[in-house]
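Owing to the predicted nature of the structure, the values given are computational and were not obtained by experimental measurement.
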Amino acid sequence: MYSYDEVMTFVEEEDVKFIRLAFCDIHGRQKNISIMPNQLKKAFDDGISFDASAVDGFGDIVKSDLFLHPDPSTLTILPWRPSHGRVVRMFCDIKYPDGRHYENDCRYILKRATEEAAKKGISCFFGSELEFYLFKTDENGEPTKEPFDHAGYMDIAPDDKGENVRREICFTLLDMGISPESSHHEEGPGQNEIDFRYSGALNAADNAITFKSVIHTVARRNGLFADFSPKPLLHESGNGMHINISLRSEGGRDYTDNFMAGILEHIVEMTAFLNPTEDSYKRLGEHKAPKYVTWSPENRSQLIRIPAEKGEYKRIELRSPDPCANPYIAYALLIYAGLDGIEKNLKPSEPLNVNLYTAGAEITDRLTNLPDTLAKARAAAANSEFIKHILPDGCI
């Protein structure tokens, strides 16, 4: 958590030669521009301009100048770059030339959500579990669909060939100030999972973006391709981004049930942002990915699972999102939905303690379904007053 003065000192004393100013487009794809140290003061004072019309969802060519203002608290080195002539990265706020916040800046959207929660005396903490496949590359370095191994859930070496890659990823994350908690082989061939410690919403979203870039980089260094798409192999497990949410309130009251009820109330409207690709809907409804708007303790066939944890680890786990979601927008929507549940004192339905993958029609026919196509999800979002109240037009 660096300050402006500390960043300036670090860059001077640690032989930093390039500073990457990073931001995300509306889809959550990381972008950046690199500047030299002699431009850093200008970046902090006035921002660095870029052509917003060339970025998806960022306006038209008529008034296309926006400015990147680095957030000093997000400074981190890029460990895979040389130790002499170091490269560092900071996430940025995006502003208009007159200094106003750009409304389609997804970091700003999430900041507003956390501020709204703080006004109500509530702090939200997020931890995401991102799954990914490792595929071999061909003689030209292009990705194939041949898995790196054929191990299964939590298998060990030598069947699990991803063990050393995951270890390198974890060490790289530690070098960047992100603390991994666990890593293991997942169910699919070549599928892996690395979990990191929960944190505040903005920091958690920054970490999720960093996490994906680290995995892509380390995989490439090992001659592999990391695939975060929701359904890389049609008949195997899809990649999920399970989102764990825990709450703290100033008065010590437990709002978990109300918060969860708010998410259940608005989940259909939010699905287009939690599952934003056509392939997202090939994943839902099979291999432990949910299909219905339900919840239950410890039950992995449900949309929301309440893990068997206590104290600070008590949380709700939302199991529908996938790694193609923009974490800033996803977390913001979940915060607003949860706050709506608290404001209206909503109560969750009764838990459904059954295996929904084997349940009969007498159970499933009376349940609300998640959208089963991207078109249906987008239609639900477009018709939602809840979504329109939160997201600017360019996001919907």
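Using a cut-off of 4.0 Å between Lys/Arg side-chain N and Asp/Glu carboxylate O, Asp71 and Arg107 are scored as salt-bridged. The pair Arg100-Asp98 meets the salt-bridge criterion, since a charged nitrogen lies less than 4.0 angstrom from a carboxylate oxygen. Salt-bridge check for Arg112 with Glu115: failed, with every basic side-chain N at 4.0 Å or more from each acidic carboxylate O. Looking at Glu168 and Arg221, a side-chain N of the basic residue comes within less than 4.0 Å of a carboxylate O on the acidic one, giving a salt bridge. Glu236 has no carboxylate O lying under 4.0 Å from a charged side-chain N of Lys231, or vice versa, which leaves the two without a salt bridge. Under 4.0 Å is where a charged nitrogen must lie from a carboxylate oxygen, and between Asp393 and Lys388 no such pair does. Ion pairing between Asp46 and Lys42 fails under the 4.0 Å rule for side-chain N and carboxylate O.
Under the salt bridge (Lys or Arg N to Asp or Glu O under 4.0 Å) criterion, Glu187 pairs with Lys288, sequence neighbours left out. Residues forming a side-chain hydrogen bond (donor to acceptor under 3.5 Å, both in side chains) with Asn140 (at least two apart in sequence, or on another chain): none. In this view, Glu186 satisfies the side-chain hydrogen bond (donor to acceptor under 3.5 Å, both in side chains) rule with no residue, not counting sequence neighbours. Listed by chain and number, the residues in a salt bridge (Lys or Arg N to Asp or Glu O under 4.0 Å) with Asp279 are Lys282 (sequence neighbours excluded). In terms of the salt bridge (Lys or Arg N to Asp or Glu O under 4.0 Å) criterion, residue partners of Glu181 (sequence neighbours excluded) are, by chain and number, Arg197. Every residue was checked against the salt bridge (Lys or Arg N to Asp or Glu O under 4.0 Å) condition with Asp149, not counting sequence neighbours, and none meets it. Residues that satisfy the side-chain contact (heavy atoms from CB on, under 4.5 Å) test with Ala43, not counting sequence neighbours, are Leu21, Ile35, Ile48, Pro70. Here Tyr336 pairs with nothing under the side-chain hydrogen bond (donor to acceptor under 3.5 Å, both in side chains) rule; sequence neighbours left out.
With Ser296 contributing its side chain and Asn299 its backbone, the two residues share no donor-acceptor pair below 3.5 Å. Using modelled atom types, no side-chain atom of Asp155 and backbone atom of Asp159 make a donor-acceptor pair closer than 3.5 Å. A distance-only check finds no donor-acceptor pair linking the side chain of Arg248 to the backbone of Gly121 [under 3.5 Å]. The backbone N or O of Ser349 lies less than 3.5 Å from a partner atom in the side chain of Trp295, making a donor-acceptor pair. With hydrogens and angles disregarded, no donor-acceptor distance shorter than 3.5 Å links the side chain of Asp365 to the backbone of Glu362. Checked by atom type and distance alone, the side chain of Asp227 pairs as donor or acceptor with a backbone atom of Ser229 at under 3.5 Å. The backbone N or O of Gly85 sits less than 3.5 Å from a side-chain atom of Asp15, completing a donor-acceptor pair. In terms of modelled atom types and a separation under 3.5 Å, the side chain of Gln191 and the main chain of Gly188 share a donor-acceptor contact.
Ile342 contributes atom CD1, which lies 8.5 Å from atom CZ of Arg253 (distance to the nearest 0.5 angstrom). The SG atom of Cys106 sits 7.0 Å away from the CD1 atom of Ile209 when rounded to the nearest 0.5 Å. Distance CG/Leu264 to CZ/Phe259: 11.5 Å, rounded to 0.5 Å.
Residues Asn192 and Glu131 form no side-chain contact, since every pair of their non-hydrogen atoms from C-beta on lies 4.5 Å or further apart.
Residues Ser49 and Asp65 bring no donor and acceptor atom of their side chains to less than 3.5 Å of each other. Looking only at atom types and distance, the side chain of Ser3 has no donor-acceptor partner in the side chain of Asp5 under 3.5 Å away. Between Thr74 and Arg89, the side chains place no donor N or O within less than 3.5 Å of an acceptor N or O (distance only, hydrogens not considered). Side-chain atoms of Ser280 and Thr277 form a donor-acceptor pair, as typed in the model, at a separation below 3.5 Å. Asn275 and Asp322 form a side-chain donor-acceptor contact under 3.5 Å, judged by distance and modelled atom types alone. In this model, a donor atom of one side chain and an acceptor atom of the other lie less than 3.5 Å apart for Asn345 and Asn258. For the 3.5 Å distance criterion, the side chains of Tyr96 and Glu103 qualify, holding a donor opposite an acceptor. With no hydrogens or angles considered, a side-chain donor-acceptor pair links Ser128 and Tyr331 at under 3.5 Å. In summary, the side chains of Thr294 and Gln302 do present a donor paired with an acceptor at a separation below 3.5 Å, with no hydrogens or angles considered.
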- Message: Val88 vs Leu78, test: side chain to side chain contact (heavy atoms under 4.5 Å, CB included). Steps then yes/no.
- Response: CA-CA 6 Å; Val88 298; Leu78 301 184; over 6 Å; no
- Message: Between Phe126 and Ile335, is the side chain to side chain contact (heavy atoms under 4.5 Å, CB included) condition met? List the steps.
- Response: CA-CA 10 Å; Phe126 287 78; Ile335 290 171; 3.7 Å; yes
- Item | His185 vs Arg166, side chain to side chain contact (heavy atoms under 4.5 Å, CB included): CA-CA, chis, key distance, verdict | CA-CA 9 Å; His185 199 286; Arg166 294 196 305 273; 4.2 Å; yes
- Message: Phe91 vs Phe23, test: ring pair (Phe, Tyr, Trp, His ring centres under 6.0 Å). Steps then yes/no.
- Response: CA-CA 6 Å; Phe91 286 111; Phe23 66 101; 9.9 Å; no
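Counting all heavy atoms, side chain and backbone alike, Ala261 lies closest to Pro348 at CB-N, 3.5 Å. Between Leu274 and Ala330, the closest heavy-atom pair is CD2-CB, 3.6 Å. When all heavy atoms of Phe58 and Leu66 are compared, the pair lying nearest together is CD2-CD1, 4.4 Å. Closest approach of Ala272 to Ala381, counting heavy atoms only: CB-CB, 4.3 Å.
Grouped with Phe67 in a hydrophobic cluster is no other residue, since no side-chain heavy-atom contact under 4.5 Å to another Ile, Leu, Val, Met, Phe, Trp or Tyr is found. Under a 4.5 Å side-chain heavy-atom criterion applied to ILVMFWY residues, the cluster that includes Leu367 comprises Tyr292, Leu352, Val354, Leu356, Ile363 as well. In this structure, Leu346 shares a hydrophobic cluster with no other residue, the cluster being traced through Ile, Leu, Val, Met, Phe, Trp and Tyr side chains under 4.5 angstrom apart.
Geometric assessment of Arg167 against the ring of Phe171 yields a negative cation-pi assignment under the 6.0 Å and 45° thresholds. Relative to the six-membered ring of Phe225, Lys136 misses at least one condition, a distance below 6.0 Å or an angle of at most 45° to the axis. At least one test fails for Arg315 against the ring of Tyr198: distance under 6.0 Å to the centre or angle within 45° of the axis.
Residue pairs meeting the ring pair (Phe, Tyr, Trp, His ring centres under 6.0 Å) criterion with at least one member in residues 356-396, sequence neighbours excluded, are His266-Phe386.
With Ile19 as reference, Met90 is the one residue of Met90, Arg86, Gln39 to meet the side-chain contact (heavy atoms from CB on, under 4.5 Å) rule.
Taking the centre of each ring, Phe135 and Phe148 stay at or above the 6.0 Å mark. Aromatic ring centres of Tyr133 and Phe228 lie farther apart than the 6.0 Å criterion allows.
Between Phe211 and Phe196, the two ring planes are tilted [angle within 30° to 60°]. Ring geometry, His101 versus Tyr108: the interplanar angle falls under 30°, so the pair is classed parallel (tilted spans 30 to 60°).
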